[in-house]
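The first residue in the sequence is number 1, and the count goes up from there.
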Amino acid sequence: MIDFKKTRQYTLSIRLSTDGFCFAVHNPKVANEYAYLPYRIDPSKPLTANLKAAVEETEMLRHTYGAVNILIADASYTLVPKEYYAEQYKEDFYKQAMGTTTNSIVLHNFVGDEHAVVLFGIERQLHRYLTTQYPKAHIVAAMTPLIHFGVEHSYTKNKRYCLLHLHKRSIDFMCYENASPLFVNTFQYRDTADAMYYILGCWSTLGLSQTDDTLHIVGQSRQGKTLTKELEKFIQHIHLVRPAEEFHSTELARIDEMPFDLQALIACE
């Protein structure tokens with residue numbers, strides 16, 4: 001439970017996605033002080049309009065917090081090695097990979113002990129509203145905590161470590177070597193066969209071993225069990241990531257329907 005009279009002790013985390021929003025409040029120092037609220041959006045309206053409606057309807061969003069994190073799902077992104085990155089050229093890097101930025105603001109997050117930089121786009125109107133409503137918010141691409149999670153877990157691995165994050169219509173595939181991102185990409189898929197083609201194609205292109213390297217799978221997808229069973233025919237070491245076993249600092253990790261990228265963001269604080 002949370003006490004709205006002491007929200008300055010809490011952290012508010014907001015996840016924005018075209019599939020819906022979710023909001024979480026927790027006390028970084030007290031594991032059992034938390035709240036979680038999924039929010040259904042109107043897909044016919046822009047994200048900004050949906051967020052304005054959510055703020056009007058949801059008391060949780062109208063208080064002042066000690067910290068505010070805003071996670072942007074579905075964001076177009078690209079990864080740049082730290083040694084090549086210069087902030088004054090971030091729009092050039094982004095345009096080269098993603099094309100025009102006419103309606104977007106390009107933001108950046110450092111990941112992996114600042115070994116790499118995630119550049120991502122956010123719609124200008126949404127960015128304007130967020131920075132007005134939550135001026136001190138930390139705005140993060142959903143890929144950022146995922147990449148960080150993979151970096152942290154690959155420190156203890158002698159072989160290459162791969163993380164597969166399943167969504168309803170897309171897959172995030174990350175591979176690490178020596179605790180640094182080796183490959184990061186996201187692709188859309190239609191069915192299990194489509195997903196298999198991409199995953200095994202990446203496995204082959206990266207020269208990964210079917211018997212030595214490991215694949216860790218996390219996320220919510222109806223096809224997750226079927227996909228895992230099919231992948232086991234080709235990859236020997238496959239592990240399912242269980243958030244409740246990974247994140248011990250907050251009870252939020254025990255909420256099954258909470259998106260993994262949001263759980264990872266909160267755990268990385």
Side-chain angles (χ1 to χ4, degrees), residues 13-18 46-48 51 67-155 160-165 167 170-188 198 201-202 205-207 259-262 264-266 268-269:
S13 298
I14 297 173
R15 185 181 190 271
L16 304 179
S17 169
T18 53
L47 288 184
T48 306
L51 184 56
V68 178
N69 295 317
I70 299 171
L71 192 71
I72 308 296
D74 315 315
S76 297
Y77 71 91
T78 188
L79 208 62
V80 179
K82 173 68 179 302
E83 57 266 32
Y84 296 115
Y85 179 71
E87 186 169 355
Q88 63 267 35
Y89 299 123
K90 68 180 178 182
E91 288 201 7
D92 295 327
F93 282 118
Y94 183 85
K95 287 179 181 178
Q96 186 174 16
M98 308 307 303
T100 181
T101 60
T102 303
N103 297 316
S104 300
I105 296 288
V106 179
L107 303 180
H108 72 277
N109 305 142
F110 290 101
V111 293
D113 290 336
E114 300 194 352
H115 290 167
V117 183
V118 176
L119 299 180
F120 65 103
I122 177 173
E123 197 270 329
R124 289 180 182 274
Q125 186 178 12
L126 177 60
H127 182 264
R128 189 181 305 114
Y129 179 75
L130 288 172
T131 52
T132 300
Q133 187 73 21
Y134 305 106
K136 296 183 180 180
H138 182 210
I139 302 176
V140 181
M143 287 301 298
T144 299
L146 291 177
I147 296 170
H148 181 79
F149 176 86
V151 168
E152 290 296 308
H153 284 67
S154 63
Y155 270 113
R160 282 171 290 189
Y161 171 98
C162 297
L163 180 64
L164 186 68
H165 186 224
H167 304 276
S170 66
I171 289 179
D172 305 316
F173 187 89
M174 292 148 275
C175 182
Y176 304 85
E177 187 171 31
N178 299 322
S180 294
L182 178 67
F183 176 85
V184 177
N185 205 354
T186 298
F187 80 100
Q188 305 294 315
Y198 177 84
C202 289
T205 300
L206 293 170
F260 182 78
D261 46 28
L262 184 58
L265 175 68
I266 293 171
C268 288
E269 290 184 330

Return the set of residues passing side chain to side chain contact (heavy atoms under 4.5 Å, CB included) with [X] (not counting sequence neighbours), or none when no residue passes.
X: Glu83; value: Pro81
X: Glu123; value: Thr48, Gln125, Leu126
X: Asn185; value: Phe183, Tyr198
X: Pro46; value: Ala49

Please tell me if the side chains of [X] and [Y] come closer than 4.5 Å, counting only heavy atoms from C-beta onward.
X: Tyr161; Y: His153; result: yes
X: Phe260; Y: Asp172; result: no
X: Leu130; Y: Leu51; result: yes
X: Phe120; Y: Asn109; result: yes
X: Tyr176; Y: Leu182; result: no

Enter the distance from [X]:[atom1] to [Y]:[atom2] here, rounded to the nearest 0.5 Å.
X: Leu206; Y: Cys175; atom1: CG; atom2: SG; answer: 5.5 Å
X: Met143; Y: Phe149; atom1: CE; atom2: CZ; answer: 13.0 Å
X: His165; Y: Met174; atom1: NE2; atom2: CE; answer: 7.5 Å
X: His138; Y: Leu265; atom1: NE2; atom2: CG; answer: 8.0 Å
X: Ile14; Y: Ile139; atom1: CD1; atom2: CD1; answer: 10.0 Å

Heavy atoms only: give me the nearest [X]-[Y] pair and the separation to one decimal.
X: Val140; Y: Pro145; result: CG1-CD, 3.8 Å
X: Lys90; Y: Leu119; result: O-CD1, 3.5 Å
X: Arg160; Y: Gly207; result: NH2-O, 2.9 Å
X: Ala86; Y: Phe93; result: N-CE1, 3.9 Å

Could you list the donor-acceptor pairs under 3.5 angstrom formed between side-chain atoms of residues 70-79 and any protein atom two or more places apart in sequence or on another chain?
unit_1 : atom_1 : unit_2 : atom_2 : d
Asp74  : OD2    : Ser17  : OG     : 3.0
Asp74  : OD2    : Thr18  : N      : 2.7
Asp74  : OD2    : Thr18  : OG1    : 3.1
Tyr77  : OH     : Thr186 : N      : 3.2
Tyr77  : OH     : Thr186 : OG1    : 2.7

Could you work out, with ring-ring contact (aromatic ring centres under 6.0 Å, His included) as the rule, every residue matching [X], not counting sequence neighbours?
X: His127; answer: none
X: Tyr85; answer: His108
X: Tyr94; answer: none

